Amino acid sequence: MLYIIVDLLSASSLMQIADTGASVSSRVFASQRKDVRWTSAAIGAAFLFNPFTIATCIARPTSVFTNCAILTAVAKAATSDIVPAMLALALSSYLSLYPILLIPPLILLCHDQQTATKPKTIVQVTTTALTTLVSALTALIGVSYVLTGGSWEFLSSTYGVQLLLPDLTPNVGLWWYFFIEMFDSFREFFLGVFWLHLAAYVGGLSIRLRNQPLFVITCLLGIFAIFKPYPSISDTSLFLALLPLYRHVFPLMRYTFFTTSVILYATLLGPAFYYLWIYAGSGNANFFYAITLVWSLGLSVVVADLLFAVLRDEWEVERPDMKGKEVRQI
Amino acid sequence: MTILALSFLLSSLVVFFASFASASADYHERLLLRPLPPSSLLASFNFRSNASSSSFEQQNFRYFPRSLGQILQHANTRELHLRFSLGRWDAESWGERPWGGTREGGTGVELWAWVEAVSDEEADARWLTLTNALSGLFCASLNFIDSTRTIRPVMSFQPSGHHSNSTIPNLHLLHGALPREPVCTENLTPFLKLLPCKGKAGISSLLDGHKLFDASWQSMSIDVRPVCPEDGSECILEIDQTVDMVLDIERSKRHRDNPIPRPRPAEELICDPTKPYASDEICYPLDSAFDQPWSLSEVFGRPMKGSCPLTESDGEDSEAVCINISDQRGIYSSPGAVEHKYPGGFFRCYKILDDAEFDFVIPKGQSENIPSTPLDHPLLYAERSFTGHGQERGGVQTLLTNPSHDSPVEFVYLESLPWFMKTYLHTLRAKLNNADKNSPSDKESLIKEIYYRPALDRHRGTQLEIRMLVPAASTVTLSYDFEKAVLRYTEYPPDANRGFDVAPAIIKITTPAGKPPLYIRTTSLLLPLPTPDFSMPYNVIILTSTVMALAFGSIFNLLVRRFVAADEVGTSWHLKASKRIAGKIRGLTRRVRRKGKVETEAKVK
C-alpha cells in the first residue's frame, strides 16, 4: 500500500513535469516539433503501467523512495522552486548517494524555468541551491548521527557500501561480476575508474546540452541505470518514465526496433538464466553475466540514440531547411 | 663392566625419579575402555600433569610442557581449551558422551581461551599471538582463526579453573573454530610430545595415528587451567590432555597389511540361529556381535609398553588401564599386571607392575546371560541440517529432542556462523512439534533469552546464543533463514564447489547447581555458495570494459561532433585521403584486371 502511494506520488510529479513542457521548450530554446506531445495523463499512465514499475512495486525496494524523491526534485526544479527541489534532491542523495551527481543539470533547470519578470542570475540560483542542499544534507546526516547514538559508523556501512562495493550480489549491472573477478591489487583502482566514468557524463552532458537541462537529467538517469554500483530495474523504470517526455524526437531515433528487441530479449532471458545458474545448477555465472552485458548494451544504445535524436532536433532549430535530410557528424 | 655400572646407575636414577614423582603426584594417566553397542569400543585416554604456579612463573617446567607453557605466558593466557575432533558421536546408540561432552570439540579444530588484557583490542592482539603460536606448535591452521571466526560467547562457557578476583575483570573469553581443518597424524605427534612419556611408555604407547584417525569418532583435547586447592595451599596450573575415540572393533581387528574388506569365508560367519530359515546353508550374519572377542593389541595394533615410570606406584592413581565391563566376564591379562575389581560389577582396573609389555584378551562371550555394560542416556538429542534449495537463500533447522519423561531441559544454544551466511533473525522460530495447534506462541515460552551479534562483511561472523527450554518428552524445532553472499573469486577455497564448512552448534545443558554443565555439539554443515567462473577474470574485464567503452564512446562522440548535411561534406582531410586511397586502389585493380575493366569501372562509378 505504501509503495502504491509512493508510486502515485512519483506519477503526479511526472505529470507536473510534463505539464511544464520543459522537455520541448524553455526560455532559450524551443523545439520545432513542440506540438508533437503526449498528454501528461498518458505519460503518468506509461510510468504506472510500465511492467518494470509494477515489478519494482511488488518487490518493495527502498529505491522507490529515491526515485520518488528524484522525480519530486525534477518537478520542483521544472517550476523553478529551488528550495523544495534541493530538499528533495538532498533526500534522494541521502538515501542512495548517486543522485548528488544531478546537481548541475538541476540548477540549470531551475535557472532555465524561471517565470518571474526579473529572473535571477545563474550565480544567485547556484548559491541558493547549494546552500539549501548542503544544509539539508548536513541536517539529515546529523539526525542519523543522533539516532545511531552518536557514532559515525553508519557512514561507512551505508555510503561505504555504495562506494566500495563490498556486496557482490548479482544484479543487472556491470559492477558485480567485474569485481568478483577483479584481482585484489587492482580493486581500488577500478573502483575509482568506475566512479569517475559515472561522473564523467555529468560535465559533458551539462555543457553540451545546457539549453535542455531536463534532457540532461533524463540522459543521466539512463546512464545511472546502466553504470551505477547496484542498479536494478527500478532505475530503468525511472529512466523509462522520463522517456515519453521526448515523444517529439522519437521519429528521429534510428535504432528503435533494435533497442526494443534487445531490451525485451534481456528482460525475458535474464530471469531464466538466473534461475539456471542459482537454482537449476545447469548454467553457470557466465549465463547471467552475458545477459547483463546485453541489457547494458541495449540501454546504452537507447541513451545514445535518444541523445542523437535530441541533438538533431536542436540542430534543426538552426537549420530548418535540413528537416528530413541525411546528416553527417564531423 | 662400566656399561653395567652405568646402566645400574641409570635405572636407580629412574627409580629415584619415579618415587619422587609419585610423592608429589604431578602426573597421572589412565585409559578407560568401554564397549559400546553394537560393536564399538570407546577408548578414553587421559593424561594429567601440573606445575605449581610459582615454578610456572619462574619458567621452571617439569611435567608441564615447556613449549606450551611459554606460549601461554607470552600470550597472557590464563585458561586454554584446544580440541581436535573428527567424526560424529552417535548418541542414539552410544548414549551419553564421555566426560559429559566437556572434553570434546566440534568437527575440525576448536579453541577457546581466557586471555588477560585490559582492553578488547589488547585481548584481540594476544589472541592473535596465541593462535599463531599454537598453529606452529600443533601443525594446524589455527592461524586462520581471524576476526571473522572469533566470537566472544556470553552464556555458553564459564572458566573451569580458579581465577583470583583481581584477574577476573580483565579476563576476555575468545572462541574460534575451524570446521574445515582435517585432523590427522601431524596433529597427534606434537600432542604426544607434550606428554612426559612421549608415547614411549605407558598408555600413550597405544596411540597410533593409523588407528586413531581411522576411528568412527575421535576427539583430542588439551585443557590448561589454574586450580587452587581448597585447603589454601599454593595454586597449581593443571594440564589435562585427553584422547577419546570410538573404534569399530571389527574394523580395527582387520590386519593392517590387508585393509581391503573382503567377504568372510562361510565358516567364520557368525550366524543368527533364531531366524526361522537358519540352517547349515542359509545364514543371517550377525555382524554386530556385541560380545565378539578382542584384545588390546588387536584393537590398537600394538601392545602397551609397560607403565610410564612417572605415575604413582600405588593407590588408585597407579591403575593405568580400566575397563567398563561386567565382572562375570573373564579377561586374560598378561603377567605383570594386577587386576582390581570395583564394587558395582562393571568396573575393573589393571595396575601394570613393570616395564614388560601389557596386553589382555577378552574372549568371546561364554554365556548368554552376562549383562552388558549399562549406558547412560543423554539429556538431549540435537540434530542440525540445512533446509531450502537453490544458491540464493536457505534455512537452518535444529531438532532438539528431550527424551526424559518428566523433567524439562534448559540449555544455551550457541551458533558461530560465517559472515557470508547472512542470517535473518526475524525468521527465528521455535516450534514445539507435538503441541496443539492452538497453543500460545511457542517462541515466547521456549526461548528465554537471545544474545545476537550480527555479522559485518569480511570483519566478523554472526554470533547467536539462545537460552531456551525443551519440555519433557518433546521435540523443539529451531529454525531460521539466511541469505548466501557471493564472494570475490580469491575468497573461495581451492575446491569451491564443495562448499563451505559451518562450525557445529554448541549446546550447553545447564544442570542443577554444583554440577558441571554438559555439552553437546552438532555436526558441522556444508554450505554451498554460488560460484563465479574462475577461469574468466580476463574475459570479464575485457567484455565489461568493451561495453563501457561503447557507451562512453558513442555518447561522447555525439557530444563533441557537429552536424552537417550529408551532401555538404567533402572537404575534410580524411575524406580526401580516403578518396586518394580509393583512387589508387582503383588504378591498381585496373592494372591487374585488364579483362574485367568495363565491369570494374561500372562498379566504381
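This structure is a prediction, so every number in the text was calculated from the model and none was measured. So that the names make sense, note that chain A is the first sequence line, chain B the second, and so on, each numbered from 1.
Only the side chain of R319(A) has a heavy atom closer than 4.5 Å to any heavy atom of chain B. At a 4.5 Å heavy-atom cutoff, the contact between I555(B) and chain A is made by backbone and side-chain atoms alike. In this structure, no portion of L456(B) lies under 4.5 Å from any heavy atom of chain A. Residue A200(A) touches chain B through both its backbone and its side chain, counting heavy-atom pairs closer than 4.5 Å.
Counting heavy atoms from C-beta outward, F194(A) and M548(B) have side chains that approach closer than 4.5 Å. Put simply, the side chain of Y274(A) reaches to within 4.5 Å of the side chain of E392(B), judged on heavy atoms. Contact of the L559(B) side chain with the I207(A) side chain is not registered, since no non-hydrogen atoms from C-beta on lie closer than 4.5 Å.
More than 12 heavy atoms of other shown residues, nucleotides or ligands fall within 6.0 angstrom of atom CD in Q32(A). Within a 6.0 Å radius of CD in E383(B), no more than 12 heavy atoms belonging to other residues, nucleotides or ligands are found. Counting non-hydrogen atoms of other residues, nucleotides and ligands closer than 6.0 Å to CZ of F258(A) gives a total of 12 or fewer. Counting heavy atoms of neighbouring residues, nucleotides and ligands inside a 6.0 Å radius, atom CZ of F154(A) exceeds 12 of them. For Y451(B), the OH atom sits in a packed shell: over 12 heavy atoms of surrounding residues, nucleotides or ligands are nearer than 6.0 Å. Within 6.0 Å of atom OH in Y452(B), more than 12 heavy atoms from other residues, nucleotides or ligands are found, so the atom counts as buried in its surroundings.
In terms of heavy-atom pairs under 4.5 angstrom with chain B, the leader among D184(A), T169(A), I226(A) is D184(A). Chosen from W176(A), W315(A), Y275(A), F288(A), the residue pairing most often with chain B at heavy-atom distances under 4.5 Å is W315(A). Interface check for chain B: of the options V301(A), L293(A), V303(A), L299(A), the most heavy-atom pairs under 4.5 Å are formed by L293(A). Comparing F308(A), F178(A), F190(A) by how many heavy-atom pairs each has under 4.5 Å with chain B, the most go to F178(A). Your options are H389(B), E483(B), Q391(B), R488(B), and the one with the most heavy-atom pairs under 4.5 Å with chain A is R488(B). Note: Y289(A) leads W175(A), Y289(A), W277(A) in heavy-atom pairs under 4.5 Å with chain B.
Of all the heavy atoms in V486(B) and P170(A), the pair that sits closest is CG2-CD, 3.5 Å. Contact between G204(A) and F556(B) at its shortest, heavy atoms only, is CA-CE2, 4.3 Å. For the residue pair F183(A) and I541(B), the shortest heavy atom distance occurs at CE1-CD1, 3.9 Å. Contact record, Y279(A) with G390(B): CD2-CA, 3.3 Å, taken as the closest heavy-atom pair.
Sorted by first then second residue, the side chain to side chain donor-acceptor pair (under 3.5 Å) pairs that include residues 290-309 of chain A, not counting sequence neighbours, number zero.
Contacts from residues 525-532 of chain B to chain A, taken as heavy-atom pairs separated by less than 4.5 Å, involve P530(B), T531(B), P532(B) in sequence order.
For Y489(B) and Y177(A), the ring centers sit 6.0 Å or farther from each other.
From D167(A), atom CG reaches atom CZ of R458(B) across 8.5 Å, with rounding to the nearest 0.5 Å. Between atom CG of residue D533(B) and atom CG of residue N286(A) there is a gap of 4.0 Å, rounded to the nearest 0.5 Å. Note that CZ of F420(B) is 13.5 Å distant from CG of L168(A), once rounded to the nearest 0.5 Å. Distance check: I278(A) CD1 to K484(B) NZ gives 9.0 Å after rounding to the nearest 0.5 Å.
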